[in-house]
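Notes to accompany the following structure.
Proteins get letters first, then strands, A, B, ... in listed order; numbering begins at 1 in each. Model, not experiment: these values are computed from the prediction.
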Protein chains: 2
Amino acid sequence: MATLKDVAKLAGVSIGTASSALNRYAGVKDSTRKKVLEAASLLNYRPNGAARDLKTQKTDTIAVFLHDLAGPFYSELIRGIQDVADEYEYATIASRGGKGRNTTWTRLLLEGRVDGAIVLDPTVPDEVIRSTVGPTLPIVLLDRILDTPYCLYVAADHEGGAYQVTRHLLETGMRRVAFVSGPADSHDSNLRFKGYQRALKEFGIETDHGLIFHGDFTERSGELVARAMLSCNELPEGVFAANDEMALGIIHGCESSEIRVPDQMAVVGFDDITVASYINPALTTVRQPMYELGGAAARNLFRAIRGDKDIPPVILPTQLILRDSSRFYARGGEGHNLPVNV
Amino acid sequence: MATLKDVAKLAGVSIGTASSALNRYAGVKDSTRKKVLEAASLLNYRPNGAARDLKTQKTDTIAVFLHDLAGPFYSELIRGIQDVADEYEYATIASRGGKGRNTTWTRLLLEGRVDGAIVLDPTVPDEVIRSTVGPTLPIVLLDRILDTPYCLYVAADHEGGAYQVTRHLLETGMRRVAFVSGPADSHDSNLRFKGYQRALKEFGIETDHGLIFHGDFTERSGELVARAMLSCNELPEGVFAANDEMALGIIHGCESSEIRVPDQMAVVGFDDITVASYINPALTTVRQPMYELGGAAARNLFRAIRGDKDIPPVILPTQLILRDSSRFYARGGEGHNLPVNV
DNA sequence: CTGTTAGCGCGTTCAG
DNA sequence: CTGAACGCGCTAACAG
């Protein structure tokens, strides 16, 4: 790799002059700047990132931590983030947290290789976030709330979305609506449970603990829950699964046991993953505005990087997507999107 | 952030000693190492990444460039890469190429912020790869072949997979099998076309240019192609779309025009994306071993980083997945996976 | 065993 | 307008 020194030598100037010609807009004669620029492009010169970062004490890079880079779900989020980062001329890099000692977040966060981060990954411990966040490294959390300076929060209205979809079930006259949770430590799952409870209360229904099931956000756990439900004496009229994967698993479990959805039991999910509209019956669910979420996260992150204090949390509205898996009347149609605004 | 100097001062030793105590396993008295370690953890010390990279001339990080972080498709690839990278104690960061001048690959590749890269992203220009690849930065290409030193190639057997799925259609007695290509500059699409042609030739069928359609890998383009097909006087008996998204679009287009798949026209795709098994009719397609592909790519990359020359290309076998969209006989079943080994 | 020192490549003073 | 010199934080070689 060609270094600044090489460029300076080729251009016949000193290293300091070369630097000025390349980075600053004043203080260099036009003719010498031209010489330097020529030399640089001739040598295919690019400043060494590590050296520049070390000197300037910034990296112009932000990190996005995702639990699993799966799904158009996250893809949209990243698009939202990256479009904003492009505006600000920041690079965006994504990563999953590994397992071992030498995890990626160690490298990126602790060793100061980025200027800010956006986290949607439960495997990144609170402790790591607490000990690295600060004025020189603000962090936007999408999956939890931490009451720590420079920790920002941006999320969809999980509680409201859950309320709405539960209410939708109750409005059809159901009384026995089950809830399937995600992992106990999932903030999102807990918020969705709250929304579920609020709807129930509003309809004057007591929470029945026999109708609360526990999964872990995987399709597999949904199947297991379905099996558990079927072994009870009475089937719920409807099930609200805290995410779509579990809803899929439940539908699949019903299929195996010849339980018809939605006729014998309605199933609704949360997230609106791609397959939700393709399965049979198409899944009623709650869509999060992923692109906007990413954009809002990035925008707030840059405000923090620029030194803004007191950036309030952002909560974006969700959208109820009605499909066949909860439809008792007027079936037919393609099972495609029928959005209902919040 | 605490620096090594701070640690040294607190521990009452020199900066060099502190460094040795932290990084090397010999040459430091146990008691002083202990003091240093204590001071370090007290100060929450972490070496500055930029400084270390600058000094050691390496980053212990590899980059993965993806066109779109969408889909469990890529997710598996990244898992494969990361699992190997973890073994080698390297960090993995993923990125999409942006549009502007200051793209992420500029930063990562040109400014030397990584020790190697894996590319599956047509938006990264050949030229950038050619000008950055070298002994200090080997690159594994998954979506093209570049005959340049330190450019490695790892891929699924696109040609063989295409051959196999085309052959599958021909074996049912079809003679008029259409091909829908991806973008003209897609290496993968071209290989798949080759496989298609080979199968045709083997069955003694002349290539009919009226049966070659051009798409761009999007579902939308599949729909357009379907419309074009329908406006011809004679429908093909079967269609091989160069990827699943386009196959989905074609099926969707047929649906709108009341053409039944597979009864009136069979449709097959390539990739085995998640929805392929969920749509109706479930899509016959070719599965690439994404996880293994990622693992092989990473493994070869590390061989190159370690200085191995002459690493041959790796071509991994694909798997034909028979589902309902190409089944004329013995329908029924769940439409779930029926793998047939290559 | 420990402290001192010389860069890694760059950006930025400060004299000339 | 230009060039020499310093230091960002760290590692490694060398003295003591």
Side-chain angles (χ1 to χ4, degrees), chain A residues 1-37 39-40 43-61 106-107 109-115 136-137, chain B residues 1-37 39-40 43-61 106-115 132 136-137:
Chain A
M1 260 297 138
T3 81
L4 187 56
K5 198 154 72 178
D6 302 327
V7 175
K9 197 192 296 174
L10 181 61
V13 298
S14 93
I15 176 173
T17 309
S19 177
S20 300
L22 257 13
N23 305 320
R24 287 202 293 228
Y25 291 100
V28 180
K29 213 192 330 182
D30 265 12
S31 61
T32 65
R33 151 168 301 123
K34 203 174 154 195
K35 274 194 302 187
V36 173
L37 258 37
L43 290 167
N44 213 315
Y45 168 76
R46 274 263 108 194
N48 176 301
R52 162 178 275 172
D53 292 351
L54 179 57
K55 181 63 190 177
T56 61
Q57 301 287 50
K58 62 202 203 55
T59 62
D60 290 334
T61 302
T106 308
R107 310 284 288 282
L109 262 25
L110 271 47
E111 300 185 357
R113 285 191 166 83
V114 295
D115 294 343
T136 58
L137 177 56
Chain B
M1 260 295 138
T3 82
L4 188 56
K5 197 154 74 177
D6 301 328
V7 175
K9 196 192 296 174
L10 182 61
V13 298
S14 91
I15 175 174
T17 307
S19 175
S20 300
L22 256 13
N23 304 319
R24 288 202 290 234
Y25 291 101
V28 180
K29 213 196 321 184
D30 266 12
S31 61
T32 67
R33 147 165 308 120
K34 201 172 155 195
K35 273 194 303 188
V36 173
L37 258 36
L43 262 39
N44 213 315
Y45 168 76
R46 275 262 106 193
N48 177 302
R52 165 178 275 174
D53 293 350
L54 180 58
K55 179 64 188 173
T56 61
Q57 300 287 52
K58 60 201 202 59
T59 61
D60 290 333
T61 302
T106 308
R107 309 285 290 279
L108 261 32
L109 297 181
L110 271 47
E111 299 184 359
R113 285 190 166 86
V114 295
D115 293 344
T132 53
T136 57
L137 178 54

Measure all distances between protein nitrogen or oxygen atoms and nitrogen or oxygen atoms of nucleotides 10-12 of chain D, and list the pairs falling under 3.5 Å.
{"unit_1": "D/dC10", "atom_1": "OP1", "unit_2": "B/Tyr45", "atom_2": "OH", "d": "2.7"}
{"unit_1": "D/dC10", "atom_1": "OP1", "unit_2": "B/Asn48", "atom_2": "N", "d": "3.2"}
{"unit_1": "D/dC10", "atom_1": "OP2", "unit_2": "B/Leu4", "atom_2": "N", "d": "2.4"}
{"unit_1": "D/dT11", "atom_1": "OP1", "unit_2": "B/Asn23", "atom_2": "ND2", "d": "3.2"}
{"unit_1": "D/dT11", "atom_1": "OP1", "unit_2": "B/Arg52", "atom_2": "NE", "d": "3.2"}
{"unit_1": "D/dT11", "atom_1": "OP1", "unit_2": "B/Arg52", "atom_2": "NH2", "d": "2.8"}
{"unit_1": "D/dT11", "atom_1": "OP2", "unit_2": "B/Ser19", "atom_2": "OG", "d": "3.2"}
{"unit_1": "D/dT11", "atom_1": "OP2", "unit_2": "B/Asn23", "atom_2": "ND2", "d": "3.2"}
{"unit_1": "D/dT11", "atom_1": "O2", "unit_2": "B/Lys55", "atom_2": "NZ", "d": "3.2"}

A/Asp30 and A/Arg33, any side-chain heavy atoms less than 4.5 Å apart: yes
Shortest side-chain distance from A/Val28, nucleotide among D/dG3, D/dG9, D/dT2: D/dT2
Position toward the 5' end of DNA chain C (nearest nucleotide), B/Leu54 or B/Thr32: B/Thr32
Note, B/Thr106 side chain near A/Arg46 side chain (heavy atom, < 4.5 Å): yes
pair A/Asn48-A/Thr3: side-chain heavy atoms closer than 4.5 Å: no
Protein-nucleotide distance (A/Lys58, atom NZ; D/dC8, atom P), rounded to Å: 19 Å
Atom-to-atom span, CG of B/Leu43 to P of D/dG9 - whole angstrom: 14 Å
Spacing between A/Lys9 atom NZ and D/dG3 atom C1', to the nearest angstrom: 16 Å
Donor-acceptor contact present, side-chain B/Ser19 to main-chain B/Ile15, <3.5 Å: no
Protein-nucleotide distance (A/Asp30, atom CG; D/dT2, atom P), rounded to Å: 10 Å
Side-chain N or O of B/Gln57 closer than 4.0 Å to phosphate OP1/OP2 of C/dG9: yes
Verdict with supporting geometry, A/Asp53 and A/Thr59, side-chain hydrogen bond (donor to acceptor under 3.5 Å, both in side chains): CA-CA 5 Å; A/Asp53 292 351; A/Thr59 62; 5.4 Å; no
Contact check, side chains of A/Arg52 and A/Asn23, non-hydrogen atoms, under 4.5 Å: yes
